[in-house]
Protein chains: 2
Amino acid sequence: MSTTVAPQTIHAMLLFAGLSENEKNELIKGGRLRQCSRGEHLFLHGDPVKSFYIISKGTVQLFRETPDGHEKTIDVVKSGQTMCESEILDSCRNHRVNAMALNDVTVMEFPVAWLKDSARKYSAFALNLLSHIAQQAHMAEVEAEQRANMKAAQLVACFLQRMCVLYDFDPKGFELPYSKTIIASRIGMELETFSRTLAKLKEHGILVKGSHVSITDLASVEQYVCAACSIAEDCPTHKEMERKSSNKSGDA
Amino acid sequence: MSTTVAPQTIHAMLLFAGLSENEKNELIKGGRLRQCSRGEHLFLHGDPVKSFYIISKGTVQLFRETPDGHEKTIDVVKSGQTMCESEILDSCRNHRVNAMALNDVTVMEFPVAWLKDSARKYSAFALNLLSHIAQQAHMAEVEAEQRANMKAAQLVACFLQRMCVLYDFDPKGFELPYSKTIIASRIGMELETFSRTLAKLKEHGILVKGSHVSITDLASVEQYVCAACSIAEDCPTHKEMERKSSNKSGDA
DNA sequence: CGACACTTTGAAGACGATCAACGCCGGTGG
DNA sequence: CCACCGGCGTTGATCGTCTTCAAAGTGTCG
């Protein structure tokens, strides 16, 4: 299952790269497992920041309520990803977002002090953390630029490609891992716009029927989306999609 | 002058907090000064990443050309701020943006290896760097959300407030530090929209005449902008503006 | 004075948001 | 087994905001 990280797989995370097994064990001992069932909140906007999280299983929605009562999804985070590192490193007292389990979730929970202490103790960990955050910052930058420059259809197509890569789906056919409502909100558009957009995407090589997506014409998608993207040449998603299209091995 | 950081002031940067004077000197020895005159490029999109920069004097525009030939300003960075840390930490080979001096600029230039080496060597530096990047990531997140939720006039008003704080201007009256063309592009809107928006802002307590801005009614601005902002309660700019409005001491 | 960069203003158009209604489906309870 | 309901998604019509194209105004500097 692509949404599960076995406990031992945490060891394989890039965050712990370059550390000895002993050091990893030492670090991981600092956390404890926590279970959440679908719909349960891990924390709420305004709650004091108490932990750093590594998601071991399941999917978590990070969202915020705007002053006018709407609900905006900041991100959807899955197993193998982390939460709250930037809040902790930025020394935020309180959470800036809500976190809700979209399905049954298992997280590894580390006390706030753990993160900085570990960075202080193991310089390799500090450097990994730095790359990790820098990478996130980069992604955020790219998304901001895309949102500004591309239109809805391109944003959606690009997002579907990223989804393919993140969840290791077969582009030829896969199921959306969560509801269209949440996806739309994640991309920053209204559900109605998203719905209409999906319909139009068949002209560009993406066919959507219910929650089943098949990217029928990778070349067409790339030409439609990536040609309009200023980071195309060094876009990891773009590269990965090209790899997937040459390797004809899909693991459904 | 608010756009100058004397060499010794680099010592005072948060990035070097918690280090002894000897350690600071040791670190700073790793860099060398470079001058750029107005219009000169520090680096171009696609150039290999060769340095980490601390801006000591002047203002630098970071921008990118979109596929359709437009020019989009990613950020405008001034003395006391840094450049390229995330590229380096993300191990990017090539620059993702262009950097051009908007006026006469002095930067401190450190070789790429310096950043990671220093982080490895001094854990305090690594932690400072982590906060620094986390903070940037936070700002980027906030801006993204604002761009999605607020309308042009609110974005502009918010930006002017931020400018006030960053440059330590007196809200009651100050000059825009760079051209409206660049500001508009920085905020992500067309120059025409920006121009029209400025005119409309007088209804909300901001008067603009040429490049002279005066925020006449701070309360009105806050109510118009910050009330629509989801991070108002923990927005450093908002807080700082309130402080400025109580301290009736402006330093023009 | 003229050239040029920068800014303003006007009018038309594109795009997504919003409001409203309907279809679909799974679940619950009679 | 059917009727009802609520969550989710689709479709249609309208509206507001920003962009785009075009033209004219302002300022500076040789």
Side-chain angles (χ1 to χ4, degrees), chain A residues 38-39 61 66-73 100 102-103 145-160 175-204 207-213 224 228, chain B residues 38-39 61 63 66-73 76 100 102-103 145-160 175-204 207-213 224 228:
Chain A
R38 179 189 156 97
Q61 178 194 21
T66 60
D68 52 329
H70 274 214
E71 203 167 80
K72 214 230 158 197
T73 301
M100 192 183 73
L102 289 181
N103 42 39
E145 190 177 333
Q146 290 187 330
R147 208 164 295 196
N149 296 329
M150 315 201 313
K151 36 189 186 177
Q154 295 171 317
L155 284 171
V156 170
C158 181
F159 185 80
L160 290 175
E175 299 294 315
L176 295 174
Y178 40 89
S179 77
K180 292 187 179 178
T181 304
I182 292 180
I183 297 179
S185 154
R186 168 62 237 277
I187 308 185
M189 74 185 57
E190 294 307 310
L191 176 60
E192 294 94 324
T193 307
F194 182 64
S195 179
R196 284 184 250 267
T197 297
L198 287 180
K200 266 189 279 182
L201 275 183
K202 74 162 70 75
E203 302 164 15
H204 297 284
L207 210 80
V208 182
K209 188 97 187 166
S211 72
H212 185 86
V213 181
Y224 177 61
Chain B
R38 181 190 155 97
Q61 177 194 22
F63 63 102
T66 60
D68 53 326
H70 273 214
E71 203 168 79
K72 215 231 156 194
T73 300
V76 175
M100 191 183 72
L102 288 182
N103 41 39
E145 190 177 334
Q146 289 186 331
R147 207 164 295 196
N149 296 330
M150 315 201 314
K151 35 189 185 177
Q154 294 171 317
L155 284 172
V156 170
C158 181
F159 185 80
L160 290 175
E175 299 293 315
L176 296 175
Y178 40 90
S179 77
K180 291 187 180 178
T181 305
I182 292 181
I183 297 178
S185 154
R186 166 62 236 277
I187 308 184
M189 71 185 59
E190 295 307 310
L191 175 60
E192 294 94 323
T193 307
F194 182 63
S195 179
R196 286 183 248 265
T197 297
L198 286 179
K200 266 189 280 181
L201 274 183
K202 74 162 72 74
E203 302 165 15
H204 297 284
L207 210 80
V208 182
K209 187 98 185 166
S211 73
H212 185 86
V213 180
Y224 177 59

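Just so it is clear, the structure is predicted and the values come from calculations on it, not from any experiment. Note on naming: letters A, B, ... go to the chains in the order of the sequence lines (proteins, then strands), and numbering restarts at 1 for each one.
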Distance in angstrom units between B:His212 NE2 and D:dG27 C1', rounded: 18 Å
Would you classify B:Thr193 as touching base, sugar-phosphate or nothing, given that sugar-phosphate means primed atoms plus P, OP1 and OP2, and contacts are heavy atoms under 4.0 Å? base
Is the shortest side-chain heavy-atom distance between A:Arg186 and A:Phe159 below 4.5 Å? yes
Can you give me the N/O atom pairs linking the protein to nucleotides 12-15 of chain C at distances under 3.5 Å, or say none if there are none?
from   : atom 1 : to       : atom 2 : distance (Å)
C:dC15 : OP1    : A:Lys151 : NZ     : 3.2

Hey, does the side-chain of A:Glu192 have a donor or acceptor N/O within less than 3.5 Å of a partner on the base of C:dC19? yes
Watson-Crick and G-U pairing of DNA chain D, under 3.5 Å, as dot-bracket with | and [ ]: ||||||||||||||||||||||||||||||
For the pair made of CG in A:Asn149 and P in D:dC18, what is the distance, rounded to whole Å? 17 Å
Is B:Ser179 close enough to C:dC6 that one of its side-chain N or O atoms is under 4.0 Å from OP1 or OP2 there? no
Only one of B:Ile187, B:Ile182, B:Thr181 passes side chain to side chain contact (heavy atoms under 4.5 Å, CB included) with B:Thr73, and that residue is B:Ile182
Output the rounded distance in Å from CE (B:Met150) to C1' (C:dG16). 19 Å
Euclidean distance, atom CD of residue B:Glu190 to atom C1' of C:dC6 [Å, nearest integer]: 15 Å
Interatomic distance, B:Leu191 CG vs D:dT20 C1' [rounded to whole Å]: 13 Å
Quick one: A:Ile183 CD1 to D:dT10 P, roughly how many Å, whole number? 11 Å
For the side chain of B:Thr193 and the backbone of B:Met189, is there at least one donor-acceptor N/O pair under 3.5 Å apart? no
Residue set satisfying ring-ring contact (aromatic ring centres under 6.0 Å, His included) with B:Tyr224, at least two apart, ordered chain then number -> B:His204
dist A:Glu71:CD -> A:Gln61:CD (nearest 0.5 Å) comes out at 6.0 Å
One pair to check against side chain to side chain contact (heavy atoms under 4.5 Å, CB included): A:Arg38 and A:Leu102. What are the steps and the verdict? CA-CA 5 Å; A:Arg38 179 189 156 97; A:Leu102 289 181; over 6 Å; no
Figure out the CG/P separation between A:Leu198 and D:dC8, and round it to whole Å. 17 Å
Between C1' of D:dT17 and CE of A:Met189, the distance in whole Å: 17 Å
Of the listed nucleotides (D:dT10, D:dT19, C:dT7), which one gets closest to any side-chain atom of A:Ser195? D:dT10
Looking at B:Leu207, B:Ile183, B:Val208, which hits side chain to side chain contact (heavy atoms under 4.5 Å, CB included) with B:Leu198? B:Val208
Any donor-acceptor pair under 3.5 Å from A:Lys72 side chain to B:Ala148 backbone: no
List the atom of A:Gly39, the atom of A:Met100, and the distance in Å for their closest heavy-atom pair. O-CG, 3.5 Å
Nearest-nucleotide pick for B:Arg196, side chain only, options being D:dT20, C:dT18, D:dT10: D:dT20
